[in-house]
Every structure is written in structure tokens, then in C-alpha cells.
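Following: one structure in C-alpha cells, then a few remarks.
Both ligands and their constituent atoms are indexed starting at 1 by order of listing.
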Amino acid sequence: MRKKVVAANWKMNSTKASSKDIIVNLITLLKKEQENVAAEIIICPPSVYLEHCKSVLAENDSNLNIKLGAQNCYGKEKGAYTGEISPIMLADIGCTHVIIGHSERRQLFNESNELILEKLKEAFANNLTPILCIGETKEERETNNTFAVIKSQLKPILDALTDTELQKLILAYEPIWAIGTGLTATPTEAEEVHAYVRSLVRNRNIEVGHSISILYGGSVKADNAKDLFKMVNIDGGLVGGASLIPQEFSTICTSVR
Ligand code: PGA
């Protein structure tokens, strides 16, 4: 059985107080539904609040075992990289996961595949599980280039990772036109790309192709999560906006079967 995962990407939102509120309320809701929580849940707050969220989790989460992830990292261990945070530091404060290559980082901060690969390597070296994001723009979809774009983002990475690294990787297919727009890929549209992503991984390593978790992201909400998550190649979600609303996010978490 593939691992089911629901990850919350808070992006650049929340304060110290609201971070606590979100987590406490989420845990209260999830505890009532504990028997329906089939997914591993990961919360990725802004980096300045990681330690704060870690202690809020420790104080409130007795047995849900919610994990802590960062939204980004740098691809070096240490040194003169003003403003950057290394995977070793994230692991040091209790992170287990890190989102890498989110489309907002690729588009707004010009992150290249080479940089993304460096970040992945450094994350693996420090025992973090990366959630690697891939996805096409609206224009790329409309010109029938979705598969070509996905392949150009994924294949060089798959080729450069070792088998051991691949076994730890989590993928997130996030069509850029669906992120924060309220437009969601239909379950069939998403499934088509997820199946393609899995075939690319399978071509690289048959076993990992079968076992890798591929999350869908892009306007996942309480009312569309179930239909997306029941598709065979969709193993959970990477959730932005709706992850800031405990009621919405807890419903998304319990929509995984
Ligand atoms: P969204 O964001 O759920 O707000 O569309 C998803 C993401 O960017 O990871």
C-alpha cells in the first residue's frame, strides 16, 4: 500500500498567535475523527514559526503524529548564503519534510532544475523527506504541452537521484493554473497527469514507480478532496489556502481513504 499524505502549505501566512490557533483547532477536530485519519499529515508553516509550531504540536498532538515540514531550503550545508536556511538546520529543529521546487519559487524566484536538484540532494543528505512540486502553466496546458513540461521537470531529477533517494521522495503535481485560483483540475484531468508521472518514475525504477506517493495540489478544498483522492494514482494532497482553515483542512485530511 502506498503511503497517503496530506500536507499543508501555509505559504507566507499566519502569525505566531494564529499558527497556534490553527494547529490547536485542527487537532481538536481531527481527534474527533481519529478513526478516519488514514493519511500522514504534514504542516509546513513559515520558517520563522517552525519551532513555535513544533512546540504547539508537542503540547497538543498526543497521538495523531502530525509532522513538521519547511516550505523551502537551500542546497548547501552552511556558509556565506545570507538569508538562506540549510536542511541541516531544518532537521536540527525537528522538521521531517521540506517542500522543494514549488511553482511560486520557480516563477517568482527563478529557481532552476539545477538549483532544485541541489536542494533535493542536501535535503536527502540530512534525512529530510522532500516533497518535489511539478506542474504546467495554463498556456502550456492549452498548447498541449503538459506532458512535455512534466517530463522536462521530472526526468533530469529522477536520473540524478540514487535509488535510495528515490525511495524517500514524495511528488506533488500542482498545475499552476489551479494554484490559488479556485480552478481545480477535474479528478480525470489530474489522474491523467498522475498516471503519466508514475510511468516516468516506473521507467526509472519499477518498484519506486509503484510505491511513490504522488500528491495533487491546486485549490484542493473540503468539497472536492474526496473525488480527487479516490483516483488510483492520487495519494493525497498538497493544500494551500484551505489548509489555513481548520474545518476545511480536517475534512480534507479525513477525505483520504
Ligand atoms: P492552493 O495552493 O491550495 O491555495 O491552490 C496549493 C499550493 O500552492 O501548494
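For ligand 1, the atoms closer than 4.0 angstrom to any heavy atom of Ser219 are 1 (P), 3 (O), 5 (O). Taking every heavy atom of Lys11 and a limit of under 4.0 angstrom, the matching atoms of ligand 1 come to 2 (O), 7 (C), 8 (O). Which parts of ligand 1 touch Asn9 is read off a 4.0 Å heavy-atom cut-off, strictly below it: atoms 9 (O). Listed by number with element, the atoms of ligand 1 under 4.0 angstrom from any heavy atom of Gly218 are 5 (O). Residue-ligand proximity, Gly241 to ligand 1, at heavy-atom distances under 4.0 Å covers atoms 1 (P), 3 (O), 4 (O). Every atom of ligand 1 with a heavy atom of Glu174 under 4.0 Å away is listed here by number and element: 6 (C), 7 (C), 8 (O), 9 (O).
The side-chain hydrogen bond (donor to acceptor under 3.5 Å, both in side chains) test applied to Ser86 returns no partner, not counting sequence neighbours. Residues satisfying the side chain to side chain contact (heavy atoms under 4.5 Å, CB included) test with Ala58, not counting sequence neighbours, are none.
The shortest N or O to N or O distance between Gly180 and ligand 1 is under 3.5 Å. Checked against a 3.5 angstrom limit, the closest N/O atoms of Gly240 and ligand 1 fall inside it.
Within the 4.0 Å heavy-atom shell around ligand 1 one finds His102. At a 4.0 Å cut-off, at least one heavy atom of Ala178 sits close enough to ligand 1 to count as contact.
A distance-only check finds no donor-acceptor pair linking the side chain of Tyr49 to the backbone of Glu51 [under 3.5 Å].
Smallest separation of non-hydrogen atoms from Asn233 and His194: O-ND1, 3.0 Å. Counting all heavy atoms, side chain and backbone alike, Thr184 lies closest to Glu189 at O-OE1, 4.4 Å.
Cluster membership check: Val6 does not share its hydrophobic cluster with Ile179, using side-chain heavy-atom separations under 4.5 Å among Ile, Leu, Val, Met, Phe, Trp and Tyr. Residues Ile252 and Leu29 fall into different hydrophobic clusters, defined by Ile, Leu, Val, Met, Phe, Trp and Tyr side chains chained together at heavy-atom separations under 4.5 Å.
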